[in-house]
Amino acid sequence: MATEVKLPDLGEGIEDVTISRWRVKEGDEVKAGDVIVEVATDKVDTEINAPADGKVLKINFRNGEIAPLDAALAVIGAAGESVGAPAGSNGATEDKVSAQGTAVKEPDQDKPATGKTLPIGEEAPAAEKRPAPEEAEGPPAARSSSDIASPVEAESTENGQDIKASPVAKRLAAEKGIALSKVTGTGPGNQITKDDVIAYVNGGAPATAATADEPAALPGDLADVPSLDVRRVAALYNINLAEIAQGRPISALTRYDVMRAAGVAFDEEFIAPKAAPQAAAQPAAAQPASAPAPAAPKPEPAAPAAAPAKPAPAPAAQAVPARSGEPTRPGEELIKHSRMRQAIARSTTQSLFTAPHVTTMWDVDMTTVIANRKAQKKEFEKSGVNLTITAYLVQAAIAGLRAVPAANATWTEEGVIIKRYYNIGMAAAQPMDANGLGGLIVPVIKNAGDLNLMGTARAVNELADKARKNQLRGEDLQDGTFTLTNYGTSGSRFQTPIIVQPQVGILGTGSIEKRPVVVSNGSPLEANTGDYLIFKPMMTLGFSYDHRVLDGATADAFCAAVKNALENWK
């Protein structure tokens, strides 16, 4: 029996994924556990493993496409196995996979159809609950007897061929006794939609790819209110919907309009191209403007005026390159934002405009920590644990949070939520590409306050190993209460880190380097002949805090506790 490749639990806040790269193609043999596809979310890139042995029978989403969380990315089964024919099927029902990747079960011909959750791009569930008015009343006389199939004939034809059709289209075709094999599909991947069936029943030409995919504009004041799906994709790629609408109602835009405007690559054979309106517009444009309107019993001047106005948005496809501002000049190259880069831009901008940031700097003598690490490193290695400076920093941060609980909190309008558990996020840079563009992720050590130095070091190792192998999951990045960013690993002495919302503080740690430190045998502020210089391994802390919760004195109290823990490590 064929097995669907589904997404694992990616955690809260993740609504969809972008297909980064398929490592296999249709027809390839795979083993259970093999990495077959890489997907990207706003927070992390994830590798998806094959759930079973077999052959890749079908890939439902191409590189660059956005897939919902409940979608079947692909189907794996035995060679020669039908994608939708379950083992032991008695023919009453048949499972198939739609072009959008959602498993669709054929309705039993002896039972009334019931509403199902439809894939993105399909009609709303409400459309399933009621038949289309007027169009659904009886087959037209214009159809010949050869075009009207009995239910038995329709079932036989569909079982003999893998016809892709939406659940609404299948139900409507069954009600009208229409063989789906006679209907031309204009949906994604030539899928038959409800509009295709209605057009066939009414004797009209099949809807174009553009009209099949493009939803009707909402009436009245809602005409310029985009759908939630469109708003989310537009926000992801920073697209101005008014610009790509080019005079059309914004409510008529689809996610694929936005993806094209953003320059997101996807298979144009899989998703019906939007270039169709241009081709359709050419015959209309060829007609003389003074051509008389068709004769009608009562004149409707508004209708002829609206008809030629429909093709007007077609030039929008030509204007898309200018959507992001001025065109590039010679010697310049536009690098499209990655999904992670967009997420970083949104979260950092939101944080700066949400919380009033203040950063306080403290110098710390790391002599004791370095000596302790040197003494215990080999002992830790016997247990398979690499003891790093980061483990000490996490433990010291927890000491600071215990001293100042308000630093481990969240601001709300009703009050400050103090958190008595310590989930410490560790900001980690992703490798930069040839253009110097990288990324940033923040895996979280859960309940770090319950761990000793050995447990903390092991947790740091495990998360670092997951990050290197691209195996971080959504739950590894969630529920942080405080964040540590060790920018010292790249040589930086200090920075002013940005708070991860809804936390109220982030502790930055600079590079450890030898610096001259004055040792005084008398007053630290007065000249003394007994003063001398000593070179110590020093590190500068940069603590950014939310001034709505912490003040200078409380923030410094936190840093003082961190400094004390590091300088007097036991």
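Note that the coordinates shown come from a computational prediction; the quantities given were computed from them, not determined experimentally.
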Problem - All side-chain contact (heavy atoms from CB on, under 4.5 Å) counterparts of Ser351, not counting sequence neighbours - result: His357, Ile498, Ile499, Gln501
Handout entry: Sidechain-backbone polar pair: Asp224 side chain, Ile250 backbone, donor-acceptor under 3.5 Å
Key = yes
Exercise for the section: May I have the step-by-step check of side-chain contact (heavy atoms from CB on, under 4.5 Å) for Glu26 and Leu57, ending in yes or no? Expected result: CA-CA 6 Å; Glu26 290 184 359; Leu57 303 178; over 6 Å; no
Completion exercise
Closest non-hydrogen atoms of Leu472 and Thr46, given as atom of the first, atom of the second and distance, are O-OG1, 3.5 Å
Problem - Side-chain donor/acceptor of Ser347 to backbone N/O of Ile344, under 3.5 Å - result: yes
Exercise for the section: Quick one: pull up CD1 in Ile335 and CZ in Arg341 and give me the separation to the nearest 0.5 Å. Expected result: 13.5 Å
Practice task
Answer whether the closest heavy-atom distance between the side chains of Arg21 and Val37 falls below 4.5 Å.
Solution key: no
Practice task
First locate atom CH2 of Trp22, then atom CG of Asp28, and finally report the distance between them rounded to the nearest 0.5 Å.
Solution key: 11.0 Å
Exercise for the section: Please answer whether the main-chain N or O of Ala242 pairs with a side-chain N or O of Asn240 as donor and acceptor at a distance below 3.5 Å. Expected result: yes
Exercise for the section: Decide side-chain contact (heavy atoms from CB on, under 4.5 Å) for Val17 and Leu7; before the verdict, give the C-alpha distance in whole Å, the side-chain angles of both, and the deciding distance to 0.1 Å. Expected result: CA-CA 9 Å; Val17 300; Leu7 290 166; 3.7 Å; yes
Practice task
Apply side-chain contact (heavy atoms from CB on, under 4.5 Å) to the pair Leu180 and Lys182, showing each step before the final yes or no.
Solution key: CA-CA 5 Å; Leu180 287 175; Lys182 297 183 178 294; over 6 Å; no
Handout entry: Student check: side-chain heavy atoms of Lys336 and Leu334 closer than 4.5 Å
Key = yes
Problem - Flag, side chain of Gln503 to backbone of Gly480, donor-acceptor distance under 3.5 Å - result: yes
Exercise for the section: Might you point out which heavy atoms bring Ile441 and Ala467 nearest each other, and give the distance in Å? Expected result: CD1-CB, 4.1 Å
Problem - N-O pairing of Asp476 and Lys466 below 4.0 Å - result: yes
Practice task
Please confirm whether the backbone N or O of Glu475 pairs with a side-chain atom of Gln478, one donor and one acceptor, at under 3.5 Å?
Solution key: no
Exercise for the section: Using modelled atom types only, decide if a donor and an acceptor are shared between the side chain of Asp53 and the backbone of Ala32 within a distance under 3.5 Å. Expected result: yes
Exercise for the section: Check Asp196 against Gly185 and note the closest heavy-atom contact, atom names and distance. Expected result: OD2-CA, 3.5 Å
Handout entry: Which residues share a side-chain contact (heavy atoms from CB on, under 4.5 Å) with Val444, sequence neighbours left out
Key = Asn423, Lys446
Handout entry: Residue pair Val183 / Val197: nearest heavy atoms and the distance that separates them
Key = CG1-N, 4.2 Å
Problem - Approximate separation, where rounding is to 0.5 Å, of Ile59 CD1 and Glu65 CD - result: 11.0 Å
Practice task
Looking only at non-hydrogen atoms, find the nearest pair between Pro8 and Ile48 and report the distance.
Solution key: CD-CD1, 3.4 Å
Exercise for the section: Please confirm whether the backbone N or O of Ala72 pairs with a side-chain atom of Asn60, one donor and one acceptor, at under 3.5 Å? Expected result: yes
Completion exercise
CG (Asp257) and CG (Leu241) are apart, to the nearest 0.5 Å, by 9.5 Å
Problem - Pair listing, side chain to side chain donor-acceptor pair (under 3.5 Å) test, anchored in residues 426-443, at least two apart - result: none
Problem - Val5 side chain reached by Ile76 side chain, heavy atoms, under 4.5 Å - result: yes
Problem - Interatomic distance, Ser20 atom OG to Met340 atom CE [nearest 0.5 angstrom] - result: 9.5 Å
Exercise for the section: Before accepting this row, confirm whether a basic side-chain N of the pair Glu38/Arg23 lies closer than 4.0 Å to the acidic partner's carboxylate O. Expected result: yes
Practice task
Keeping the roles fixed (side chain from Lys6, backbone from Asp70), state whether a donor-acceptor pair exists under 3.5 Å.
Solution key: yes
Handout entry: Heavy-atom check, side chain of Leu463 versus side chain of Met426, under 4.5 Å
Key = yes
Exercise for the section: Applying side-chain contact (heavy atoms from CB on, under 4.5 Å), run through Val442 and Leu477 and close with a yes or a no. Expected result: CA-CA 6 Å; Val442 187; Leu477 308 172; 5.6 Å; no
Handout entry: Side-chain heavy-atom pair Leu437, Ser338 within 4.5 angstrom cut-off
Key = no
Exercise for the section: Considering non-hydrogen atoms only, spot the tightest contact between Ala428 and Leu440 and give its length. Expected result: O-CD1, 3.4 Å
Handout entry: Distance (rounded to the nearest 0.5 Å) between Thr18 OG1 and Phe61 CZ
Key = 11.0 Å
